[in-house]
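Convention: sequence-line order gives letters A, B, ...; per-chain numbering from 1.
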Amino acid sequence: MPRPELSLNFNPQSPFPVLFKEMRGFLGGVVAGTLSSIVAFGSYKILFGEDKPDLGQQDTGDKQVSPFHRDVLKYGSPDQGPSVRYYGNHVLSYNQAHKIPNWVIEKISAENTKGKANRKNVKFKPDPGVEELFTASNSDYLGSGWSRGHMAPAGDNKHDEQHMAETFYLSNILPQNLDNNAGFWNRFEIYCRKLTEKYPNVRIYSGPLFIAKRNEEDGKKYVKYEVIGQNEVAVPTHLFKIVIVENAKNNPVAMGTFIVPNEPISFQHHLKEFQVPLMDLERRAGARFLPKMNVNHVQDLCQVETCDLMKKTEFDLYFIGRRINNATNLNQLQKAWNELSQKSLEPDEYIKRKYKEKYDELSKKEGG
DNA sequence: CGGTCACGAGAT
DNA sequence: ATCTCGTGACCG
């Protein structure tokens, strides 16, 4: 399926300076743009310091609340629920109107990705911590044409079944294109997990975006998004991810920010195509994601690392390897093995060995 | 790894 | 009769 619009539909009049189109043609520009934003932001912090008055705190800080204000709020301030929600291995902000998260943060290490917690033992379900009035339900998603996409992935919680179960709460889920979810986004998540082999800590911020698109009829820009099910769960136009890798001293080494359309993305596309300066994401999301991070000396992730996701053959072999490993009878094992020739793939040594082991094990069981 | 869907048993 | 739940087949 072709992707009609790769760009975010920026145009020359756009207030946003960075264009995907430009970024693709302007190879060094990606890096330069990212770094200059980082440097600019860093300088800002240095020049003005952390003590600069924070407008975001005017309602909680030293400002006097007058009797007048108290009276205006006689029946209480509108309650949009907890601004931050805490789980075993992730933290998120939930949007009670959209019925999806605003952002989800995780910090993962190699240990998180190893373990026997299995997603087959866990079910998607409404977050018991979210008021029923504001929660999505499985029935909103089923038959909608959209899949239930994790923000904090199940695969980042192999070490703890309870933590994994919490990622299946619908507070951590949003409507995601199935192809995107199982394909490009999946490979992106696998790439993030792979980074834990090299860096002790990998921090990942994920969430939805609702990005405007220009209407050809009147030349105006509109945000258009579907809502699904009785609860009218909002379908984001794009997904974002910030990836930060840290060294053994727990200092940030490199960072990358990405905005990916919520649609199928073929193997031809490289993750770098979706990289944007952090501030572009922040402007769209309406949030400063790293207000306390010292961004000095933080490098571009795609320069320090490759940002190469799995290629198609590697990805296919990966599935087949898992299917061989998980086969519970000879029929399944043989089907998985046959996929190799169907897809003209050469089994690597690991797969050959696993196949033999499984074959012996299962034929002993079934043979008698 | 990421998912959906079909189907039958059991409860309502 | 209809819904919920667990299981297993299937797909990228």
*Asks:* Mapping A:Lys123 and A:Asn186 to their closest nucleotides on DNA chain C, which lands nearer the 5' end?
*Replies:* A:Lys123
*Asks:* Please say whether the positively charged group of A:Arg203, taken as NZ for Lys or CZ for Arg, lies over the ring of A:Tyr205, i.e. under 6.0 angstrom from the six-membered ring centre and within 45 degrees of the axis.
*Replies:* no
*Asks:* It should be established whether A:Gln332 places a side-chain nitrogen or oxygen under 4.0 Å from OP1 or OP2 of nucleotide C:dA9.
*Replies:* yes
*Asks:* What's the spacing between A:Asp127 CG and A:Glu132 CD if we round to 0.5 Å?
*Replies:* 12.0 Å
*Asks:* Starting at CG of A:Leu142 and ending at C1' of C:dC3, how long is that distance when rounded to a whole Å?
*Replies:*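 Rounding to the nearest Å, CG of A:Leu142 and C1' of C:dC3 are 13 Å apart.
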*Asks:* Would you please confirm or rule out a distance under 4.0 Å between OP1 or OP2 of B:dC1 and any side-chain N or O of A:Arg187?
*Replies:* no
*Asks:* Give A:Gly155 one of three labels, base, sugar-phosphate or nothing, depending on what nucleic acid heavy atoms sit under 4.0 Å from its own.
*Replies:* sugar-phosphate
*Asks:* Nearest whole angstrom, please: distance from the P of C:dT7 to the CG of A:Asn329.
*Replies:* 16 Å
*Asks:* Between atom CG in A:Asp179 and atom P in B:dT4, what is the gap in whole Å?
*Replies:*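 Spelled out: CG on A:Asp179 to P on B:dT4 is 13 Å.
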*Asks:* Counting only side-chain N and O atoms of A:Asn181, is one of them less than 4.0 Å from OP1 or OP2 of B:dG3?
*Replies:* yes
*Asks:* Below 4.0 angstrom from OP1 or OP2 of C:dC10, is there any side-chain N or O of A:Lys335?
*Replies:*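 So the side chain of A:Lys335 is within the cut-off, an N or O lying under 4.0 Å from OP1 or OP2 of C:dC10.
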*Asks:* Between atom CD in A:Gln342 and atom C1' in C:dC10, what is the gap in whole Å?
*Replies:* 13 Å
*Asks:* Closer to the 5' end of DNA chain C via nearest nucleotide, is it A:Ala182 or A:Thr328?
*Replies:*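 The answer here is A:Thr328.
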*Asks:* Establish whether the base of C:dG8 is bridged to the side chain of A:Arg323 by a donor-acceptor pair shorter than 3.5 Å.
*Replies:* no
*Asks:* Donor-acceptor pair, A:Arg323 side chain versus A:Glu339 backbone, under 3.5 Å?
*Replies:*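 Answer holds: no.
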*Asks:* Could you check how far CZ of A:Phe315 sits from P of B:dG2, rounded to whole Å?
*Replies:* 10 Å
*Asks:* Given the structure, check if the side chain of A:Lys120 and the base of C:dG6 hold any donor-acceptor pair shorter than 3.5 Å.
*Replies:*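 Side chain to base: no pair below 3.5 Å.
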*Asks:* Looking at every non-hydrogen atom in both residues, tell me the closest pair between A:Asp179 and A:Asn177 and how far apart they are.
*Replies:*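 Distance-wise, the nearest heavy atoms are N-OD1, 2.9 Å.
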*Asks:* Can you tell me if the side-chain N/O atoms of A:His150 get under 4.0 Å from OP1 or OP2 in B:dC1?
*Replies:*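 The answer is no; no side-chain N or O of A:His150 sits under 4.0 Å from OP1 or OP2.
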*Asks:* Strictly below 4.0 Å: does A:Lys158 bring a side-chain N or O up to OP1 or OP2 of B:dC1?
*Replies:*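 Answer is yes, contact under 4.0 Å.
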*Asks:* What about A:His98 and A:Tyr225, are their ring centers closer than 6.0 Å?
*Replies:* yes
*Asks:* Tell me the interatomic distance from A:Ile320, atom CD1, to C:dC10, atom P, rounded to whole angstroms.
*Replies:*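 Answer to the nearest Å: 15 Å.
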*Asks:* Answer with base, sugar-phosphate or nothing: what part of the nucleic acid does A:Gln176 contact at a heavy-atom distance below 4.0 Å?
*Replies:* nothing
*Asks:* In whole angstrom, give the distance that lies between atom CD of A:Glu339 and atom P of C:dA9.
*Replies:*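 Taking atom P of C:dA9 as the reference, CD of A:Glu339 is at 14 Å.
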*Asks:* Just to be sure I understand the rule, does A:Ile190 reach a base, reach only the sugar-phosphate, or reach nothing, if contact means heavy atoms closer than 4.0 Å?
*Replies:* nothing
*Asks:* Can you tell me how far P of B:dG2 sits from NZ of A:Lys312, to the nearest Å?
*Replies:*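 In whole Å, B:dG2 P and A:Lys312 NZ are 18 Å from each other.
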*Asks:* Any heavy-atom pair between the side chains of A:Glu246 and A:Asn251 that's under 4.5 Å?
*Replies:*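 No, too far: nothing below the 4.5 Å cut-off.
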*Asks:* Is there a side-chain polar atom (N or O) of A:Arg119 under 4.0 Å from OP1 or OP2 of B:dG3?
*Replies:* yes
